[in-house]
Amino acid sequence: MTDSDPATILQQAVYQLETGNPEQAAEFARQALESDPENAEALFLLGRCRALLNQITEAINVLEQASERLPDRLELFNLLGHLLYHERHHEKAIAAFRRCVELDPDHVEAHRQLANLYLSNDQTEATRLFERAHQLAPDHADLLFDYAWGTMYKVGDTDRGGDLFCKWLQLDHGTADRGSIAVQALNYPSNQKPTELAEIHFQWAEKYMNHLGREFDFGDHDFSEDRRIRLGMLSGDFCRHPVGRFAMLLCHHLDLERFDLFIYSNNNETDELKPSFEEHADWCDITGLTDDEAAKKIRVDRVDILLDLSGHTKGNRLGIVARKPAPIQAATFAYPNTTGLGAVDYRVTDPHSDPAGTTESLWQEKLEYMPHTPWLYLPPLEFEATPAPPPSSTGKPFTFGCLNNPVKTSRISIRLWAEVLKRRPGSRIILFELNPDHGQLLKQFFSEEGVAPEQVDIRPKGGVTYFLELHNEIDLMFDPFPYNGGVTTGDSFWMGVPVLCLEGDTYVSRQGVMQNRCLGLEAFIAGDTGEFIEKAVQISNNADLLLQLRQNLPGMLQQSALMDYDGYATEFKTMLERWWAKRCAENQALGQAD
């Protein structure tokens, strides 16, 4: 055997790969193939090297050739499947992972990735694959996270998804980002326990975040009370999104003689709202900055008060907030629960969402009360949709509805709404689906509660105009529980459709209470499930009331605190000034003590 012998060259390639030199290994594998073009092992090794060098397209081409010659090599098909999945060649990825399962029926990773691949178009098969993989490896953290996420956000079974996320958290093998996703998801399930959920938020923050802000120092900060306050806002949603619309209203209506505004955007995709923000604030795209770099940028900008408008929602940067880049930090609007962070001083709320003396222990932050509402509603004026008479007044069946995010359609909501539908046999309900399989699941859930199939009308989600016009097919809207609607409830009022809500115990399940009270609609708040059912039946039999509200609700909304932009801005300014005065006084007292 000589140095040019393919077997010898291949041995050198293997050695180089095992010692961490994939580039040199690839060169030896290529030489082996020059000597023996049919060498399947050399092809496989070259494919592995290309993958490690991030040459994905080349790796796939080589591995596909190798797979024809090594049809029983499990690790080859596993690698090929992952690369094809990464490059979005989903059908080919499915075939590769299916071959893995044929070769090893207990291959956990193949079951996991097949489940992820099927989530987009066959949730039943995805669930079967996830369950099989979970049986094989119950403590596999990445698998369990995927299973929980898919069950919650693709299958739409929020109670099961919540249980799986709880199991994942108990494994204690996750990252801060995944932990935040799990914490946020636990707001949806029917069996939500507020004290336990609060504790989960606190534990997440203590594990991943609180140590990051323990060494902050504002010794060189200017704590002059009478100067302009530098106000920063941090979010991934400064765009056509409820958060972006609220932030834009703040920018337009706050007293710019009193505040200098700074926008820190964690979203490199912008829309037509960005120029409007730039008219009133300094805009900074932080998507390319690490948490440390972004925190330093905020410190350099000498921000006095930083408002976090994300909480645990998608695109959040709680790692920045945890570093305490501003002397005062507060959470507002976007997330209906505590951040859990010790670095956040305040949470903006209202007396309806957090009745004094009832929920303080559920928040890490100190509650700060706006008089009526913690946020503002801005209607989608750029979209034309004219309210129509209640459909039941034109001879159509009485129609209930819920046009919120379909994930909010919990089992407890379905059970409650089913009781109403059974009391009104000729009525129906319109709901959104995540996907067709989820639509079938919703129908199944209603059927299990004894509701006739023709009473459940499932619709796909669509654009804004479609969404608004769909209100014209609904007589009375139901607020989901425990995760209430927010801006969606305002949209319903804007289209003249009243919203019946069930009064909960915490902020997340009291947004319907707050909004109805802002409009003086106490009659549309039910204290318990029995009262909810009775009120739904009574309201559905009051055609005159529904017709009157169809005509008057938009005006009532405009006259309410939810759309009193100047009044809100004045109250918000007073609150911020109070925070700043207190912090300046504390700094002065500290200086005198030194």
Side-chain angles (χ1 to χ4, degrees), residues 213 216-218 220-239 241 243-311 313 315-335 339 341 343-346 348 368 375-376 568-569 572-581 583-584:
F216 60 86
D217 178 15
F218 296 101
D220 62 347
H221 199 86
D222 180 5
F223 286 100
S224 302
E225 184 180 344
D226 56 353
R227 64 172 175 79
R228 292 160 68 100
I229 298 172
R230 298 169 74 81
L231 177 66
M233 301 184 202
L234 170 65
S235 179
D237 295 310
F238 294 116
C239 54
H241 180 279
V243 169
R245 300 165 89 91
F246 169 67
M248 187 178 69
L249 286 172
L250 278 183
C251 289
H252 278 257
H253 292 273
L254 277 175
D255 180 3
L256 297 185
E257 295 296 318
R258 187 68 176 102
F259 298 98
D260 291 324
L261 304 181
F262 298 83
I263 296 291
Y264 300 99
S265 173
N266 190 44
N267 188 342
N268 54 19
E269 295 183 8
T270 60
D271 58 22
E272 68 275 13
L273 293 191
K274 183 183 177 185
S276 182
F277 280 114
E278 290 178 317
E279 289 177 13
H280 299 85
D282 287 348
W283 178 284
C284 179
D285 180 354
I286 61 169
T287 53
L289 303 182
T290 65
D291 288 345
D292 277 330
E293 290 168 342
K296 288 176 183 177
K297 167 62 177 169
I298 295 170
R299 291 294 294 271
V300 168
D301 289 341
R302 304 186 71 79
V303 168
D304 301 310
I305 302 173
L306 180 66
L307 300 178
D308 174 61
L309 288 94
S310 288
T313 61
N316 78 74
R317 294 294 295 272
L318 289 176
I320 297 172
V321 181
R323 285 163 169 78
K324 192 73 174 182
I328 301 170
Q329 299 192 149
T332 185
F333 183 45
Y335 184 61
T339 63
L341 298 180
V344 181
D345 304 290
Y346 302 107
V348 181
E368 281 286 320
W375 50 271
L376 294 167
Y568 181 95
F572 205 81
K573 170 189 174 184
T574 299
M575 180 179 65
L576 296 178
E577 288 178 327
R578 185 174 68 252
W579 294 351
W580 182 237
R583 185 66 177 84
C584 290

[Y] and [X], any side-chain heavy atoms less than 4.5 Å apart:
X	Y	value
Asp308	Gln329	no
Asp304	Arg583	no
Val321	Val344	yes
Cys284	Asp301	no
Leu576	Phe259	yes
Leu306	Lys324	no
Val243	Phe333	yes
Ile328	Tyr346	yes

Mind checking the [atom1]-[atom2] spacing from [X] to [Y]? Nearest 0.5 Å is all I need.
X	Y	atom1	atom2	answer
Leu254	Ile229	CG	CD1	10.0 Å
Phe572	His253	CZ	NE2	13.5 Å
Asp260	Arg302	CG	CZ	13.0 Å

Which residues share a ring-ring contact (aromatic ring centres under 6.0 Å, His included) with Phe218, sequence neighbours left out: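 Phe218 satisfies ring-ring contact (aromatic ring centres under 6.0 Å, His included) with Phe216 only.
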Apply ring-ring contact (aromatic ring centres under 6.0 Å, His included) to His241 and list each qualifying residue two or more places apart in sequence or on a separate chain.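 With neighbours one apart ignored, the set is empty.
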Sub-3.5 Å donor-acceptor pair from the side chain of [X] to the main-chain atoms of [Y], do we have one?
X	Y	answer
Asp282	Phe262	no
Arg227	Asp222	yes
Asp345	Ala330	no
Thr290	Glu293	yes

Between Trp580 and Phe223, does the ring centre distance come in under 6.0 Å?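 Yes; Phe223 has its ring centre under 6.0 Å from that of Trp580.
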How would you list, by chain and number, every residue that makes a side chain to side chain contact (heavy atoms under 4.5 Å, CB included) with [X], sequence neighbours excluded?
X	answer
Glu257	Arg228, Asp255
Lys296	none
Leu273	Met248, Asp271, Phe277
Asp291	Arg317, Ile320, Arg323

Return yes if a side-chain donor-acceptor contact under 3.5 Å exists between Asp285 and Thr287, otherwise no.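 Indeed, the side chains of Asp285 and Thr287 share at least one donor-acceptor pair under 3.5 Å.
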Let me know which of Asn316, Leu318, Thr313 forms a side-chain contact (heavy atoms from CB on, under 4.5 Å) with Tyr335.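 For Tyr335, the side-chain contact (heavy atoms from CB on, under 4.5 Å) check succeeds only for Thr313.
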